[in-house]
Amino acid sequence: MSTLFPSDGQVARASLGASTPFPIPAANPDRFLAVWTEWQACRQMTLAVLATIAPAKLNCQAHPDFSPIGWHIGHIAYTEALWILQRCARQPPLHPEYDTLFAADGLPKSERVHLPDRATLFAYLTQVRNQVWHYGQTAPITQQERLWRFLLQHESQHVETLTYVHQLLRLPAPLAAAPANVPRPLPDRGGEMVEIPAGPFRMGNDGVMALDNEQACHTVTLPTYWIDRYPVTRGAYQQFIDAGGYDDRRWWSEAGWQWLQQTGMREPLYRSAAADWLDHPVCGVSGYEADAYARFVGKRLPTEAEWEKAASWDPIADRARSYPWGEASPTASHCNYGHQVGGTTPVHQYAAGQSAYGCYDLLGNVWEWTATWFAPYPHFQPYPYVGYSQPYFDQAHRVIRGGSWATYPWVLRNPFRNWYHPHRREFFVGFRCAL
């Protein structure tokens with residue numbers, strides 16, 4: 001494990017509200033301290049993740065579509081300063097030279113490799129956080145809470161993204177393709193499905209944590225359908241590979257077959273031939289691969305609404321749950337999230353995390369593809385800026401749901417929506433099927 005820059009202990013201590021010498025804020029202190037405690041818990045997790053990354057990897061671009069890890073560190077601090085210190089506190093920029101380097105719409109990703117050194121990046125994180133604490137003494141937190149919670153989720157999402165980059169930098173050489181028709185032990189859980197009865201349910205989120213694309217909460221009525229109890233496992237997916245699924249045009253959509261011919265893919269991006277991984281979810285597949293497998297087994301991908309109803313709806317209480325298991329915040333007994341394990345786990349491991357309908361692993365472990373294009377809900381209003389969700393309502397991004405083993409708890413909830421192009425597979429994504 002690598003260490004942070006030499007004064008990382010001081011940085012970590014300075015970033016913790018409990019250990020700072022500043023006075024408790026006078027303006028609505030209980031509300032502010034509740035938010036601040038979550039911010040600092042998130043930052044502690046971030047520092048722990050960054051401590052596992054070798055300094056030499058901070059400036060490396062692992063893929064043309066991803067920024068280097070070091071850029072994400074600077075961007076987290078820059079965005080916090082932009083919204084809290086500049087927009088809310090009306091303070092001048094701490095480092096005007098970062099306006100281009102760390103802005104999301106600044107440099108092209110390929111030009112983000114020329115970064116400050118590690119010590120400077122971490123000092124920037126700490127400087128911004130200390131200034132934000134000072135502003136918090138007088139901040140109208142009741143009016144600003146949604147913004148503060150947006151930024152909490154912003155950091156969470158960027159740390160997961162930099163985890164993808166770190167994983168890509170460590171990928172082994174591709175495995176040799178498995179010969180066709182070789183029998184492999186397959187878990188018997190892969191084919192289990194649960195019935196979701198017809199009827200209405202409430203979809204979306206109007207709470208203070210809700211991002212703009214989760215709003216507004218609305219009623220959706222679905223016919224009866226069936227959905228897999230578990231995500232598709234590596235063992236089950238191997239059957240598709242062994243049967244020549246990557247060479248059989250029957251299972252692929254037109255766009256998927258075109259993608260396959262262009263890329264020559266023959267296996268998931270994150271793979272293992274070890275027998276003890278067969279019960280783990282398949283991870284690192286495109287939406288096209290997920291769709292092809294579903295056709296191969298005579299099923300389909302669930303719609304976004306079908307996924308959310310299976311995850312959130314409690315038919316006995318006639319209401320939506322925040323998490324599949326209820327309202328209790330996620331713990332290590334519910335699901336695999338927040339870097340607690342450092343990779344995927346067997347799909348049947350978390351019995352305490354089942355939904356009301358008996359589905360496992362709906363949150364954490366791997367994200368899951370759906371068949372739905374990312375689009376606004378009724379009465380959508382962009383927040384905190386037009387560019388967060390709205391540009392991606394372009395009929396080119398598929399909704400993915402559920403979170404992964406690297407997802408922080410602040411973005412781990414049933415209504416949370418993520419989106420990617422269906423040809424992307426660098427993130428920790430798998431799928432489950434429906435009928």
Visitor: If you compare all heavy atoms of Asn414 against all heavy atoms of Pro324, which two are closest, and at what distance to 0.1 Å?
Guide: OD1-CD, 3.1 Å

Visitor: Show, in sequence, the C-alpha distance, side-chain angles and deciding distance for Asn205 and Gln215, and conclude whether the side chain to side chain contact (heavy atoms under 4.5 Å, CB included) test is met.
Guide: CA-CA 6 Å; Asn205 182 13; Gln215 296 182 320; 5.6 Å; no

Visitor: Can the positive tip of Arg146 be found less than 6.0 Å from the middle of the six-membered ring of Tyr383, inside 45° of the ring normal?
Guide: yes

Visitor: List the atom of Asp279, the atom of Thr233, and the distance in Å for their closest heavy-atom pair.
Guide: O-CG2, 3.8 Å

Visitor: Do Tyr350 and His334 have ring centres separated by under 6.0 Å?
Guide: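 Centroid separation for Tyr350 and His334: 6.0 Å or greater.
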
Visitor: When rounded to the nearest 0.5 angstrom, what is the spacing between OH in Tyr237 and CG in Leu278?
Guide: 15.0 Å

Visitor: Name the one of Trp373, Phe380, Trp419 that satisfies ring-ring contact (aromatic ring centres under 6.0 Å, His included) with Phe393?
Guide: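 Looking at Trp373, Phe380, Trp419, the match for Phe393 under the ring-ring contact (aromatic ring centres under 6.0 Å, His included) is Phe380.
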
Visitor: Do side-chain atoms of Lys309 reach the backbone of Gly199 as a donor and acceptor pair under 3.5 angstrom?
Guide: yes

Visitor: Any Lys/Arg nitrogen of Glu327 or Arg321 sitting under 4.0 Å from an Asp/Glu carboxylate oxygen of the other?
Guide: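 No, this pair does not count.
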
Visitor: Regarding Arg319 and the six-membered ring of Phe201, is the cationic atom NZ or CZ under 6.0 Å from the ring centre and inside 45° of its axis?
Guide: no

Visitor: Looking only at side chains, do His339 and Thr163 share a donor and an acceptor under 3.5 Å apart?
Guide: yes

Visitor: His423 and Arg398: side-chain donor and acceptor closer than 3.5 Å?
Guide: no

Visitor: Should the pair Tyr392 and His397 be assigned to parallel (<30°), tilted (30 to 60°) or perpendicular (>60°) ring geometry?
Guide: perpendicular

Visitor: Kindly determine whether Tyr385 and Trp83 satisfy side chain to side chain contact (heavy atoms under 4.5 Å, CB included), including the steps that lead there.
Guide: CA-CA 11 Å; Tyr385 60 100; Trp83 286 100; 3.6 Å; yes

Visitor: Return yes if some donor-acceptor pair links the side-chain N/O of Thr303 with the main-chain N/O of Ala371 below 3.5 Å, else return no.
Guide: no

Visitor: For the residue pair Glu267 / Tyr246, report whether a side-chain donor-acceptor contact shorter than 3.5 Å exists.
Guide: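 Result is no, nothing qualifies.
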
Visitor: Once the angle between the rings of Phe32 and Trp148 is folded into 0 to 90°, is it parallel (under 30°), tilted (30 to 60°) or perpendicular (over 60°)?
Guide: perpendicular

Visitor: With no hydrogens and no angle check, just 3.5 Å: does a side-chain donor-acceptor pair link Thr407 and Glu160?
Guide: yes

Visitor: Donor-acceptor check, side chain of Trp252 to backbone of Gln258, threshold 3.5 angstrom: yes or no?
Guide: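 No; zero donor-acceptor contacts below 3.5 Å.
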
Visitor: We want to know whether Arg112 and Ser67 form a side-chain donor-acceptor pair, criterion being a heavy-atom distance below 3.5 angstrom.
Guide: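 Yes - a donor-acceptor pair under 3.5 Å links their side chains.
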
Visitor: Check whether the side chains of Tyr408 and Thr46 place a donor and an acceptor atom closer than 3.5 Å, and report yes or no.
Guide: yes

Visitor: Rounded at 0.5 Å granularity, tell me how far OG in Ser253 sits from CG in Asp291.
Guide: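 Taking OG in Ser253 and CG in Asp291, the distance rounds to 5.5 Å.
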
Visitor: To the nearest 0.5 angstrom, please state how far the CH2 atom of Trp39 sits from the CD atom of Glu155.
Guide: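 Reported to 0.5 Å precision, the distance equals 8.0 Å.
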
Visitor: Any sub-3.5 Å donor-acceptor pair from Trp257's side-chain atoms to Leu260's backbone N or O?
Guide: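 Answer holds: no.
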
Visitor: If only atom types and distance count, is the side chain of Thr370 paired as donor or acceptor with the main-chain N or O of Val399 below 3.5 Å?
Guide: yes

Visitor: May I have the list of side-chain donor-acceptor pairs in residues 427-434 shorter than 3.5 Å, sequence neighbours left out?
Guide:
unit_1 : atom_1 : unit_2 : atom_2 : d
Arg432 : NE     : Glu368 : OE1    : 2.7
Arg432 : NE     : Glu368 : OE2    : 3.3
Arg432 : NH1    : Asp228 : O      : 3.0
Arg432 : NH1    : Arg229 : O      : 3.0
Arg432 : NH1    : Tyr360 : O      : 3.3
Arg432 : NH2    : Tyr360 : O      : 2.7
Arg432 : NH2    : Asp361 : O      : 3.4
Arg432 : NH2    : Glu368 : OE2    : 2.8

Visitor: Hydrogens and angles aside, do Thr345 and Asn336 bring a side-chain donor and acceptor to less than 3.5 Å of each other?
Guide: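 Yes, a side-chain donor-acceptor pair sits under 3.5 Å.
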
Visitor: Quick one: does Gln340's side chain have a donor or acceptor within less than 3.5 Å of a partner on Tyr337's backbone?
Guide: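 Yes, the answer is positive, given that a donor and an acceptor are paired below the 3.5 Å cut-off.
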
Visitor: Fit a plane to each ring of His63 and Phe66, take the angle between them on a 0 to 90° scale, and name the class: parallel (under 30°), tilted (30 to 60°) or perpendicular (over 60°).
Guide: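 The rings of His63 and Phe66 stand perpendicular, inter-plane angle above 60°.
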
Visitor: Determine whether a donor-acceptor pair (N or O, by modelled atom type, separation under 3.5 Å) exists between the side chain of Asp314 and the backbone of Ala320.
Guide: no

Visitor: Applying side chain to side chain contact (heavy atoms under 4.5 Å, CB included), run through Tyr357 and Ile227 and close with a yes or a no.
Guide: CA-CA 10 Å; Tyr357 293 109; Ile227 193 166; over 6 Å; no

Visitor: Do you know which two heavy atoms are closest between Asp212 and Ser389, and how far apart they sit?
Guide: OD1-OG, 2.6 Å

Visitor: State, to 0.1 Å, how close His166 and Thr52 come at their nearest heavy-atom pair, and which atoms those are.
Guide: CE1-O, 3.8 Å

Visitor: Would you confirm whether Arg271, through its side chain, and Leu269, through its main-chain N or O, come within 3.5 Å as a donor-acceptor pair?
Guide: yes

Visitor: In chain order, what residues pass the salt bridge (Lys or Arg N to Asp or Glu O under 4.0 Å) check against Asp248, with sequence neighbours excluded?
Guide: Arg250

Visitor: Would you kindly check if the NZ (Lys) or CZ (Arg) of Arg300 is within the cone defined by 45 degrees around the ring axis of Trp226 and under 6.0 Å from the six-membered ring centre?
Guide: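 Checked: cation-pi criterion not met.
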
Visitor: What side-chain donor-acceptor pairs closer than 3.5 Å can you find for residues 71-78, not counting sequence neighbours?
Guide:
unit_1 : atom_1 : unit_2 : atom_2 : d
Trp71  : NE1    : Leu101 : O      : 2.7
His72  : ND1    : His158 : ND1    : 2.9
His75  : ND1    : Phe102 : O      : 2.7
His75  : NE2    : Thr79  : OG1    : 3.3
His75  : NE2    : His154 : NE2    : 3.1
His75  : NE2    : His158 : NE2    : 3.4

Visitor: Measure the spacing between CH2 of Trp369 and CH2 of Trp307 and express it to the nearest 0.5 Å.
Guide: 14.5 Å

Visitor: Test Arg401 against every option in Glu214, Glu308, Glu306 by the salt bridge (Lys or Arg N to Asp or Glu O under 4.0 Å) rule and name the one that passes.
Guide: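 That would be Glu308; it is the only one of Glu214, Glu308, Glu306 passing the salt bridge (Lys or Arg N to Asp or Glu O under 4.0 Å) with Arg401.
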
Visitor: Nearest 0.5 Å, please: how far is CH2 in Trp405 from SG in Cys335?
Guide: 14.0 Å

Visitor: Taking the side chain from Thr372 and the backbone from Glu304, do they hold a donor-acceptor pair closer than 3.5 Å?
Guide: yes

Visitor: Identify the two heavy atoms, one from Asn213 and one from Arg417, that lie closest to each other, and give their separation to 0.1 Å.
Guide: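 That would be O-NH1, 2.8 Å.
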
Visitor: Under 3.5 Å, is there a donor-acceptor pair linking the side chains of Arg202 and Thr219?
Guide: yes

Visitor: Under 3.5 Å, is there a donor-acceptor pair between the Gln153 and Ser156 side chains?
Guide: no

Visitor: Decide, yes or no, whether a salt bridge links Glu80 with Arg43 under the criterion of side-chain N to carboxylate O below 4.0 Å.
Guide: yes

Visitor: Can you check side chain to side chain contact (heavy atoms under 4.5 Å, CB included) on Gln354 and Cys359, steps first, answer last?
Guide: CA-CA 5 Å; Gln354 293 180 70; Cys359 292; over 6 Å; no

Visitor: Would you give the length of the straight line joining atom CZ of Arg118 to atom CD1 of Ile53, rounded to the nearest 0.5 angstrom?
Guide: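 It comes to 11.0 Å.
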
Visitor: Indicate the ring-plane relationship of Phe150 and Tyr388, choosing parallel, tilted or perpendicular according to the 30° and 60° boundaries.
Guide: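 Perpendicular: the ring planes of Phe150 and Tyr388 meet at over 60°.
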
Visitor: Please report the closest heavy-atom contact between Arg129 and Trp36, naming both atoms and the distance.
Guide: CD-CH2, 3.4 Å

